[in-house]
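Quick notes on the structure that follows.
Position 1 is the first residue of the sequence; numbering continues from there. We count ligands from 1, going down the list as the structure has it; atoms in each ligand are counted the same way.
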Amino acid sequence: MLVLHDTATLQHETVELLGAKLIPALESPERIRAIVSALEGSNHKVLTVDHSAPSESGHDSRAPNALVDHFLASTHDAGYIEHLRTVHTRWVAGGLVQPDETVLPEAFPHRGLFTAGQQIGAKMEPPKDVFALAGYYAFDMSTGISSKTWVAARASANLAAEGARLVVAEDQNRSILALCRPPGHHCTTKVAGGYCYINNAVIAVAALRFHVSQLTGSRPSHPRIVILDLDFHHGNGTQDFFYDDPSVLYVSIHGLHEYPYYSGFEDEIGGGDGVGFNLNLPLAPRSSSAEYLEMVAKAMEAIAKYEPSHVILSLGFDTFVTDPLGSFQLDTEDYAKIACRIRSDEAIKHAPSLILLEGGYVIEKLGDNVLAFLQGWEEPEKSVSQEE
Ligand SMILES: [Zn+2]
């Protein structure tokens with residue numbers, strides 16, 4: 001498989017509040033280093049993408065290192081993007097952090113603040129105090145901002161956009177893995193959270209639509225996109241963005257009552273025109289691989305009915321048995337079975353597919369787990385025979 005990587009994604013390093021401790025964030029550059037190192041010894045091809053290269057020097061003048069800003073502007077809040085880009089510098093200038101320290105929020109605009117005056121909440125504007133901005137644009141304390149967070153987040157988004165361009169440009173049946181870091185499925189397009197700053201799946205959809213329309217010229221084109229989210233945690237940000245949109249089916253298998261706690265329930269079925277195009281399949285903590293595969297079968301049933309033209313996978317490996325942030329019982333060989341079950345399904349067998357990396361925090365097993373998944377995806381026959 002073609003795997004896209006950008007070394008700029010390694011530059012983001014932060015601290016987070018976990019339990020009662022301020023610790024180096026579990027979402028670390030070592031995750032990507034471990035995966036790249038495992039891929040380099042395999043038959044997969046790692047292509048290094050440079051988000052900062054001027055597009056003229058690239059192999060294609062339409063390279064999304066120029067386009068990614070367009071996709072960001074058309075999907076994410078302008079004030080939020082400006083915040084991600086500048087808040088660390090502003091905190092350093094104000095003496096609030098040292099250059100090597102992390103911006104973390106103090107106060108959040110909690111919904112309970114506005115029960116006596118809904119209008120105040122409705123017209124709530126960004127606070128004037130740069131110290132308070134950190135809480136206005138985040139919903140938790142796992143999304144600190146360091147000096148390189150913006151560079152890495154934009155590079156991560158660019159990998160999603162470049163992956164979308166390549167799956168559209170190439171023949172059918174093409175699958176690409178984008179080693180996105182930071183991940184994306186928890187942030188909305190105006191609030192960071194859960195290690196996520198830019199929603200890479202949202203960027204990928206924008207890029208897919210753009211490149212499909214380029215191919216079809218003036219003829220209107222309506223790709224039918226399914227986003228299948230296999231991270232242990234519910235992709236609240238992705239669900240939120242496409243909730244009313246019938247041209248994107250969002251399907252998520254995740255831990256019930258786990259982070260991010262306030263979404264991911266079965267009765268969230270989409271709104272407006274999007275009713276019926278949002279499917280949450282929560283699983284109890286400690287679910288086994290057999291229980292997980294049953295949910296995958298349910299997911300594929302819904303996806304088959306939808307008849308997607310393109311597939312986006314939000315793929316997290318925090319479903320692994322010993323993951324510190326998950327509680328499922330999946331082992332390395334289960335990833336091959338899961339990938340095989342999905343890719344060999346007639347519904348998506350030939351659909352161009354873009355796989356975006358989300359979470360997964362057992363660094364010493366990440367490489368093996370990614371390789372197992374890719375093997376199951378690309379060689380379903382082999383995975384099935386191993387299963388028998
Ligand atoms: Zn996760």
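The N, O or S atom of His233 with the smallest distance to the Zn ion (ligand 1) is ND1. Of all N, O or S atoms in Asp231, the one lying closest to the Zn ion (ligand 1) is OD1. Summary: OD2 is the N/O/S atom of Asp318 found nearest to the Zn ion (ligand 1).
In this structure, Ser156 and Ile198 have side chains that are not in contact, with every pair of non-hydrogen atoms separated by 4.5 Å or more.
In this structure, Glu291 contributes its side chain and Ser288 its backbone to a donor-acceptor pair below 3.5 Å. Looking only at distances, no side-chain donor or acceptor of His254 sits under 3.5 Å from a matching main-chain atom of His234.
We find that Arg343 and Glu378 are not joined by a salt bridge, their nearest charged nitrogen and carboxylate oxygen being 4.0 Å or further apart.
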